[in-house]
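Below: the structure, in structure tokens.
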Amino acid sequence: MLDIKLIRENPDAVRDRLRQRGEGYDLAPILSLEEQRRTLEIQRTELQTRSNEIGKVIGQSIKAGADPQGDEVAALRHEGNDLKQQLSALEPAEKDLKEQLTALLLGLPNLPSETTPIGANETENVEIDRWGDDYKITHDVLPHGDIAEKLGILVTDRAVKIAQSRFIALIGAGAALERALIQFMLDRQIAAGYLEVLPPILVNSASLQATGQLPKFAEESFKCAEDDLWLAPTAEVPVTNLYRDEILDGEALPIYHCAYTPCFRREAGSYGKDTRGLIRLHQFNKVELVKIVRPETSEAEHQALLKDAQAILEALQLPYRTIELCTGDLGFGAQKCYDLEVWLPAAGTYREISSCSNFGDFQARRAGIRFREKGKKGTQFAHTLNGSGLAIGRTMAAILENYQLADGTIRVPEVLQPYLKREVL
RNA sequence: GGAGAGAUGGCUGAGUGGUUGAAAGCGGCAGAUUGCUAAUCUGUUGUACGUAAUUAUUCGUACCGAGGGUUCGAAUCCCUCUCUCUCCGCCA
């Protein structure tokens with residue numbers, strides 16, 4: 001959520017920054033609602049001040065021996081009743097304005113960082129690094145879905161029977177490989193300084209609103225019919241919400257967490273896209289990195305987070321490139337974002353396998369994550385960041401293709417061999 | 001699912017209509033003091049919004065789970081909801 005004060009005091013600057021994302025962000029209704037709200041608030045406060053006085057005076061005079069039924073008290077009572085009536089008209093109006101205002105503010109995306117490249121859409125994203133060209137294989141390989149089915153480590157037909165399309169089941173070595181990847185990534189990130197969390201995967205609406213998935217993107221998540229609970233689309237939601245509505249001790253920052261969770265996405269509007277294989281599923285596994293940091297460090301923390309995600313791809317010797325998203329392709333809550341894209345030789349393309357975002361104080365405002373600096377008065381909003389480190393399913397896809405041998409077997413990446421206890425699938 | 005209990009400030013825990021933003025204790029902060037790795041004493045102690053002033057603050061309002069209601073006035077009375085805990089049942 002953007003700071004209403006910032007919007008009020010610098011509407012033009014905010015408007016310009018939002019326009020970098022695209023057209024269609026109108027501040028006029030927000031400014032007008034805020035103006036009305038403030039006017040009402042001032043009026044209401046004045047009435048309440050007088051009302052409080054009356055209450056106090058009546059209490060004091062009765063204590064001092066005045067006749068509770070006497071004229072003096074009756075007059076005050078009458079004035080009090082009068083004020084109450086005026087207030088009863090103002091209060092709902094102000095509340096209504098506040099709700100409208102909040103609804104509009106919740107729908108506004110974050111401002112892009114000054115350093116985010118300006119562009120209209122994903123075609124203007126900037127490739128800032130490419131790694132591992134030497135590891136690219138030269139012989140033809142089967143798409144990962146095909147080879148996995150052929151090896152009997154992945155089933156789709158039977159999984160569809162259990163749930164629906166875009167669900168898969170891993171069998172035997174497939175399941176073991178998935179598990180090994182989870183364990184490997186967690187081990188690496190824990191060693192890099194992240195504290196592991198195994199959070200709830202069902203999350204309530206407040207949590208989704210805090211991280212930005214609600215109210216705008218309700219159709220992206222699965223909702224439980226009988227409860228105010230949703231299947232988390234990413235561990236970002238539960239892990240960031242660990243600290244919702246808290247004032248942290250400044251000494252506690254920075255906080256680094258890693259978490260393995262299944263993730264659930266409805267993939268509405270992507271019918272027909274990526275229908276084969278492991279790329280786009282309703283349920284997939286992911287190891288997520290989450291940071292909660294001081295504002296002045298978030299830029300550096302973002303770079304470090306990116307490196308921690310990249311380190312996994314490099315340890316697995318998977319060719320990838322690093323993309324910086326332009327303003328037009330930036331996610332709703334992000335002020336700056338890097339995507340890591342892994343090389344998939346069968347299709348001859350790079351596919352997103354990690355997304356590392358700095359949210360600034362956008363999520364912290366929604367979530368009420370603040371901290372108090374020792375010796376300083378007041379509180380300030382923390383900055384939140386997160387990134388995949390990495391998406392497991394897509395990593396498995398990349399391994400099945402990049403490590404596919406000419407004879408159709410799969411070599412196990414060296415760093416995974418201790419986990420899988422075998423060298424070939 | 002059945003029965004019961006509860007929700008107060010960083011924590012513990014008082015408070016059943018009138019200067020209660022809220023006793024007390026603990027913790028935190030500041031100061032004083034003591035021949036000693038700590039004790040004692042004193043003071044202070046939340047958040048948000050608005051308002052002046054401006055980087056020290058002033059004044060006002062709201063906040064005792066949430067939302068309504070009664071009243072001149074509610075932490076305190078009434079209603080609804082949410083959550084937590086205990087016991088029973090069920091269950092990994």
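Letters A, B, ... mirror the listed sequences (proteins, then strands); counts begin at 1.
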What contact category does R8(A) fall into here, base, sugar-phosphate, or nothing, at under 4.0 angstrom with non-hydrogen atoms? sugar-phosphate
Rounded to the nearest angstrom, tell me the gap between atom CG in L40(A) and atom P in U51(B). 14 Å
In residues 304-311 of chain A, what donor-acceptor pairs under 3.5 Å come from side-chain atoms, sequence neighbours left out?
residue: D308(A); atom: OD2; partner: Y194(A); partner atom: OH; Å: 2.6
residue: Q310(A); atom: NE2; partner: T322(A); partner atom: OG1; Å: 3.0

Quote, to the nearest angstrom, the C1' distance that separates U80(B) from G89(B). 29 Å
Touch class at under 4.0 angstrom, heavy-atom based, for K63(A) against every strand present: nothing
Atom pairs, N/O to N/O, protein against nucleotides 57-63 of chain B, distance under 3.5 Å?
residue: G60(B); atom: O3'; partner: T49(A); partner atom: OG1; Å: 3.4
residue: G60(B); atom: O2'; partner: T49(A); partner atom: OG1; Å: 3.0
residue: U61(B); atom: OP1; partner: N52(A); partner atom: ND2; Å: 3.2
residue: U61(B); atom: O3'; partner: Q48(A); partner atom: OE1; Å: 3.4
residue: U61(B); atom: O2'; partner: R44(A); partner atom: NH2; Å: 3.1
residue: U61(B); atom: O2'; partner: Q48(A); partner atom: OE1; Å: 2.8
residue: A62(B); atom: OP2; partner: N52(A); partner atom: ND2; Å: 3.4

Using a cut-off of strictly less than 4.0 Å between a heavy atom of the residue and any atom of RNA chain B, enumerate the qualifying residues of residues 87-107 of chain A by number. K95(A)
Looking at every strand, decide which applies to I62(A) at a 4.0 Å heavy-atom threshold: base, sugar-phosphate, or nothing. base
Hey, can you pull the residues of residues 70-79 of chain A with a non-hydrogen atom under 4.0 angstrom from RNA chain B? R77(A)
Can you find a side chain N or O atom of T379(A) that sits less than 4.0 Å from OP1 or OP2 on A48(B)? yes
Please confirm whether the shortest side-chain N or O distance from R372(A) to OP1 or OP2 of G28(B) is below 4.0 Å. no
How long is the line joining CE of M1(A) and P of A48(B), in whole Å? 14 Å
Report all interatomic pairs (protein N or O, nucleotide N or O of nucleotides 89-92 of chain B) with separations under 3.5 Å.
none

What's the closest nucleotide to the Q60(A) side chain, out of C72(B), C49(B), U19(B)? U19(B)
Examine U70(B): is either OP1 or OP2 under 4.0 Å from a nitrogen or oxygen in the side chain of K84(A)? Give yes or no. no
Below the 4.0 Å mark, does G73(B) have OP1 or OP2 next to a side-chain nitrogen or oxygen of K56(A)? no
Nearest listed nucleotide, side chain of I247(A), among U47(B), C72(B), G50(B): U47(B)
Any pair with a residue in residues 235-261 of chain A that passes salt bridge (charged side-chain N to carboxylate O under 4.0 Å, His left out), sequence neighbours left out, goes on the list, sorted by first then second residue, please. none
Taking the P atom of each, how far is G18(B) from U84(B), in whole Å? 34 Å
5'-most contact on RNA chain B (nearest-nucleotide basis), R370(A) vs G59(A), goes to G59(A)
